[in-house]
Each structure stands twice: as structure tokens, then as C-alpha cells.
Participant: 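I am attaching a structure below and will ask some questions about it afterwards.
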Amino acid sequence: MTKKIPEIFGCMVFSDEVMRERLPKEVYKSLTKTIATGRTIDASIADVVANAMKDWAIEKGATHYTHWFQPLTGVTAEKHDSFISPVGNCKVVMEFSGKELIKGESDASSFPSGGLRATFEARGYTAWDPASYAFVKDGTLYIPTAFCSYTGEALDTKTPLLRSMDAINAQGLRILRLFGDSNSKRLNITVGAEQEYFIVDKENYDKRKDLIYTGRTLFGAPAPKGQELEDHYFGPLKTRISAYMADLDEALWKLGINSKTKHNEAAPAQHELAPIYETTNMAVDHNLLTMEYMKKIAEKHGLVCLLHEKPYEGVNGSGKHNNWSICTDTGKNLLDPGKTPAENAKFLLILAAIVKAVDDYQDLMRISIAYAGNDHRLGADEAPPAIVSIFVGEELEQIIKSIVDGTSYKGAKAGIMDLGVPTVPTFRKDTTDRNRTSPFAFTGNKFEFRMLGSSQNIAMPNIVLNTAVAESFKQFADVLEVAEDFDAAVSRLTKETFAAHMRILFDGDGYSEEWEKEAAARGLLNLKTSVEAYKYFNLPKNVKLFIDHGVMSEVEINSREEIYFENYSKIVNIEALTMIEMASRDIIPAVNAYVAEVSDQASAKLAVMPDIDVSVEKSIISELSDLNAKAYKAMLALKTAESDAAKIADAVARAEAYCDKVIPAMNLLRSYVDAMEPITASDFWPLPTYGDLMFRV
Ligand code: ADP
Ligand code: MG
């Protein structure tokens, strides 16, 4: 196997290497220029590229092609067309034109459009994104595309992502030019997304309607063992899991996905896969493909991969760490602190820009990871709290404090510059200690945004980060471009920015109650539920941000806001209905059957021996009858809460009802059912238990 990896890696990708080999020199040059500069494709070369792509794909076994896009459902979409084109009688040739490559037409009417559909035509267009490589999968040529409405409004997550990459590039280059960098032509925003997931046996999965319909367990008493022994984290891989991971790696490598690290995670049956970082749009595509293959390959092994944020109560949930950095096309990482003070001045200014961006747009950062599934994870167990804050490590924090206070930093021999601002000291990279409780942490030469949920498309968090930082860069460049004394202006700006945003820096325990209190005193947002968070989305300052940087129009923003609320309500609604069905059709009848059985046993005993001790039977009958009656009542109450919520016409009020009324009703029902599970005989309990799900893989 080891020998084969370099051979199979990327073998199904229409990569740069394949393009160079297969395209005429001029066409290749023109295409790579388009990719490197982010410009639109020259139509005259499209036919040549399309033909080369088709020939290559057919060699790889493809018969069809599809435009592959990322509608606002959060998952990917595709529609396959074959290459066949009839010639004469009962004959076909394989054809694929530049027009078909560049643009696809798709009926958009069934994708969420958040009101865009009402105002515009239902038709949607997909447009080739030449910056993401095409690939062959399951006999089909996949062409990564953006998806928009007839009038050009983005109906997907990719279009605003590409626009946000352009925005941070445009503003960031202004800063670099000021620091005398005239070589860099494009900023490359890099992302590495560490992906957590759970594995469950397919047979057990098939017996749980909650897993099938909602991806998480809605009932389930804790197993005798959880993760308290910490024996699963980084523990040896079980044979079956190891075989699954090997298959998964091979499939991903063929698609050119740099799957690098795999290990057991904290919770039983929880694992992680980390790729090597790459340009954001590729990282997004590849993360979506990784999630798809995690599920697909699991099936081959009689397993199911759970990507939900919180499949099980009481053990860790699954997240995704979005490692993010700004590099130049010349290969420099702008978040690398460097060794010399001059470089550090640039680094510290960029750091200030990011600190400012995250503080100014805490709400958008929170919204970018807010949805029903992630609400169960934020603040629980190992996951970050709902408060956005930044951890930069002790040494950097000391440096920032000394800049703000105008005192010299103790760790270095610092002189004082004209404005009384100490010169920037050097510091060691590895002193960025890893505070695992921080939602946004500097880890040496990148930031790690840790609030993301495991199931989510990582586009939105990156759209927000890129755009918010672009805005900081813009404000900085506006000041610095007209400054008379550049060095002094940089020092002043760095100092003022840090001083204005100190409140967002926090290096303590993010999970503690004291932090919630302190964060409130600092005026930081603590948006505990998604519904609460979504209300901030179209605040004027946020709308202005997206419009100013050409990332989203007001119409696009409003449509997304509507989809946020709609999605939330739909997800909770499905969960409520699933609970009602499981309780009324499976669980309550099962407990009744067990109670009847115990009653029969007691009667039989009493018939033989009238003075025999049946206190055990009596106690079981009484306790279970009482709990089952309560469960039944709670189920009826949930039914009422659900139908009341569903009737509300206003999308925001409806989501509020699901959040404030339906979820508490679900929790109450669950509490009675979970209390009955450990005292009902195994033979009667209709569901695999937490023990079965987590320890029998
Ligand atoms: P952890 O201890 O959190 O697992 P790692 O050092 O293993 O941290 O890196 C985690 C992820 O960060 C990997 O996906 C890696 O490719 C990514 N990463 C490393 N450097 C960068 C960078 N400059 N930009 C973006 N992501 C990066
Ligand atoms: Mg990490």
C-alpha cells in the first residue's frame, strides 16, 4: 500500500499536472492565469478545456458529467448528464462543449431560496469555478460550480465564499504594498478543517428511528461506562475501525484530498480526521467530499458514520476546528510572527486587524456556526462556550498589553520609539500555549476557530472571517496610505486598535461560570441559542459589511436570514415528531407490555401461594406505571407544543416557539423515558441502548 500512495494520490482529479499535460500550452497558460488571479474564464478556451476534460474523464471510466454545487441546504447537489450525443441512426458520440462546462441550467425551485424565489424566476444557473479542480467519482465527471438565480443572486454558499476571498485579497494587498511588498500578487487564504465523527454499527443504527430521521439519539439512558476513564482518546484503533479508516483514506487520496491524521477522540466510538490545509474554496469542497465519503465507506463496512454535533447525551459532541491563515502567492504566511522586529510590526498590525474583526463581528462569528444541532454542543463538555473570545497565548498577550500600556515588554530588550510606543520585541512561536477552551485561538501561525459543528459546511465561518478581516484591512489601509510618517502611524494604529478591543482577549477557562459573568461585564455577546443569534444577522452594521465588500447583497442577506429561521424550525419539528412516534408507538407500549408481564407473573405466583412475597413485582409495576403515565402526558404536551408552533406564520416567532416551547417539552418527555429504560427488562426495551451503540462497534 505505502508504495502505491504517490501513484493513486489525486489520480481522479483533473489537476494542474493533468491540465499541463493535456492542454495546449496557450490554453493552459490562460487557464492557470485565470485561476491565479481569480479572474473570469476566457470563453474561447472553454471548448478546448471541456474536450480535454471529457477525454480524460472517459479514460477514468466516466460516462456522465455533473455540475456540482452547494445550495443553501448545507449539503451538495448534483444532476448527471451523459456525454452521449446522437449521430445518424442509432449511433452516438461522446461530446462535452465549453458551454456545458461553463454554465449549467438547473431548476432551482426546490432548493431553499429564502424568498428569492418569490421575487425572481425559479430557474437557477450553475457556473464553473475553475479554481476548484474537477474530478471523477462513481463514473461521473464532477465540475465544481457556483449556483445563482436567473438575475444573478447567489443561491449557494460558494459564491459569497469566493467573493470574500477576493475581498480580503484586495484589502490585504493594500497593506502589503504599504510594507513594501510589491511581489505578492494574490493572498491565499488557507484552511485546514479537522473533522470529528462517530461510528455506529449499522444493525443497531437501523433499529433507532431517531438516528435515522434526525442523526442523533432523542432518548437514551447513560451506559454504565462513558468517557470517564479517558481510555478512548488516542487509544489503539479497533480492527474494524482501522479497516474503515484505511479504505476512507484511499478513497480520499484518489480525489486529491490530503487526509493526514486519524485518531480516536474523547468519547467512545468517536474519531477524528485532519487534512493538510489548502486554499479555502478547495478546503470547503474537500471537507464536503470527506463527509460524503465518511458516510459512504462506512456502509461498505456495515457501519454508519454519524456527523451530528451531539449524537449522544453525556459524552462529548463532535465539532470541526477551522484552522485559518493568510498566505501570499509567494509562499509567505502572514500569521507567522517571524524573527525580526520589522516583520513583527507587520505581524502585529495584522493581528490587531484580526482581533478588531472578531470583536466588531462577534455576532456574525456566532451566527456562522449557529444551527439547531450545534446548540446541543456549545457550552457542553469539551466544546467552546457560546461567547466569542480570542486566545493569543501568554507571551503575545503580554506583548499586546505592553503596547497598549506603552510600557516595555519584559521578555526582550525593547527601546522606545518616537511616539513612546515600545519597539516590537521578538518572541518565540511555540509559546502559544493551547488553551483548549478558547473558541478562537492563535496556534503559532494560524487561528483555530473551534466553534464549528461537525455536520456543517465550513463556508459561512470562512465568509465571515474573510470579510470581517477585509474590513479591518480596509480601515487600516485608508489611514496608512495617507500617513506622513508610516512607521509612527503603524505603531499608533496597532496600539489604538489593541486598546479598543482588549475585551475580546481571554486566556482563562472558557467553560467556567466566572467567565460568563466576566464576559457580561466586558460587554461581550453571549447568544445562547441559534434563534437568539440569528436576530443579529441583518443588523445595519452587518448588512453594510457584506455590501461594502461585495460579498452579499441585501437581498442575499435577507434570503439567508429567512433560511436560518426556517431550517431551525424544520429540524426541531422533525425531532419532535420523531419523539412522539417513538414514544407512542414503541416505548410506551413496550413498558406496558413489560408491566403486564410482571403483573401476570405476580398473579401466577399468588395463585399458587397466596401469601408469597410479591413486593418486587409490586414495586416494578408501581414505579413503571407511574413513569409511563407521566411519559404519556409529556408526549401529549409535546404534541400540543409542536402543533401550536407549526401553526405560527411568522418565521421568527415560529423558531422562537420551537426553541422556547417545543425543546423543553422534548426534554421533559425524554427525562421520563430515560428513567424507565434502566428498570425495564432488556427483552422488552425496544431500542438498542447507549451501551450497544457506543461500545459494540
Ligand atoms: P491540532 O493540535 O489542533 O491537531 P495541527 O498542528 O495538527 O493541530 O494542525 C491542525 C490543522 O491545521 C491541520 O489540518 C493543518 O493542516 C492545519 N494548518 C496548519 N498550518 C496551517 C495554515 N497555515 N493555515 C491553515 N491551516 C493550517
Ligand atoms: Mg485543533
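Counting convention: from 1, in listed order, for ligands and their atoms alike.
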Participant: Check ligand 1 against Asn333 and write out every atom of the ligand that is under 4.0 Å from a heavy-atom position of the residue.
Facilitator: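 Per the distance check, 23 (N).
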Participant: Which value, rounded to the nearest 0.5 Å, describes the distance between Ile175 atom CD1 and Leu480 atom CG?
Facilitator: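 Ile175 atom CD1 to Leu480 atom CG measures 5.5 Å (nearest 0.5 Å).
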Participant: Could you check whether Asp249 pairs with Lys262 (Lys NZ or Arg NE/NH1/NH2 to Asp/Glu carboxylate O, under 4.0 Å)?
Facilitator: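 Looking at Asp249 and Lys262, the cut-off is met.
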Participant: Take the angle between the ring planes of Phe506 and Trp515 and call it parallel below 30°, perpendicular above 60°, tilted in between.
Facilitator: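 Taking Trp515 first and then Phe506, their aromatic rings lie parallel (interplane angle under 30°).
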Participant: Counting each atom of ligand 1 from 1 as listed, which ones have a heavy atom of Ile276 under 4.0 Å away?
Facilitator: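 Taking each heavy atom of Ile276 in turn, ligand 1 has 16 (O) under 4.0 Å.
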Participant: Examine the proximity of ligand 1 to Glu448 and report which part, side chain or backbone, both or neither, has a heavy atom under 4.0 Å away.
Facilitator: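 Contact part for Glu448 vs ligand 1: side chain (C-beta onward).
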Participant: Going by heavy-atom distance to atom 15 (C) of ligand 1, choose the closest among Ala441, Ser325, Pro275.
Facilitator: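 Result: the heavy atom closest to atom 15 (C) of ligand 1 is in Pro275.
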Participant: Tell me whether Glu272 has any N or O atom under 3.5 angstrom from an N or O of ligand 1.
Facilitator: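 Checking ligand 1 against Glu272, no N or O pair falls under 3.5 Å apart.
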Participant: Quick one: do Lys332 and Asp336 make a salt bridge, cutoff under 4.0 Å?
Facilitator: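 Not counted as a salt bridge, because no side-chain N and carboxylate O are separated by less than 4.0 Å.
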Participant: I want to check something: taking the side chain as every heavy atom from C-beta on, are Met502 and Val355 in contact at a cut-off of under 4.5 Å?
Facilitator: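 Contact flag for Met502/Val355 side chains = no.
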Participant: Do Thr190 and ligand 1 have an N or O pair less than 3.5 Å apart?
Facilitator: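 Yes, there is a polar N/O contact under 3.5 Å.
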Participant: For Glu194, counting its heavy atoms only, list the atoms of ligand 1 lying under 4.0 Å from any of them.
Facilitator: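 Reading through ligand 1 atom by atom, the close ones are 1 (P), 3 (O), 4 (O), 10 (C), 11 (C).
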Participant: Just how far is it from atom OG of Ser132 to atom CH2 of Trp68, taken to the nearest 0.5 Å?
Facilitator: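 So the OG of Ser132 and the CH2 of Trp68 are separated by 8.0 Å.
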Participant: Compute the minimum heavy-atom distance from His321 to ligand 1 and say whether it is under 4.0 Å.
Facilitator: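 Per 4.0 Å heavy-atom rule, His321 does not contact ligand 1.
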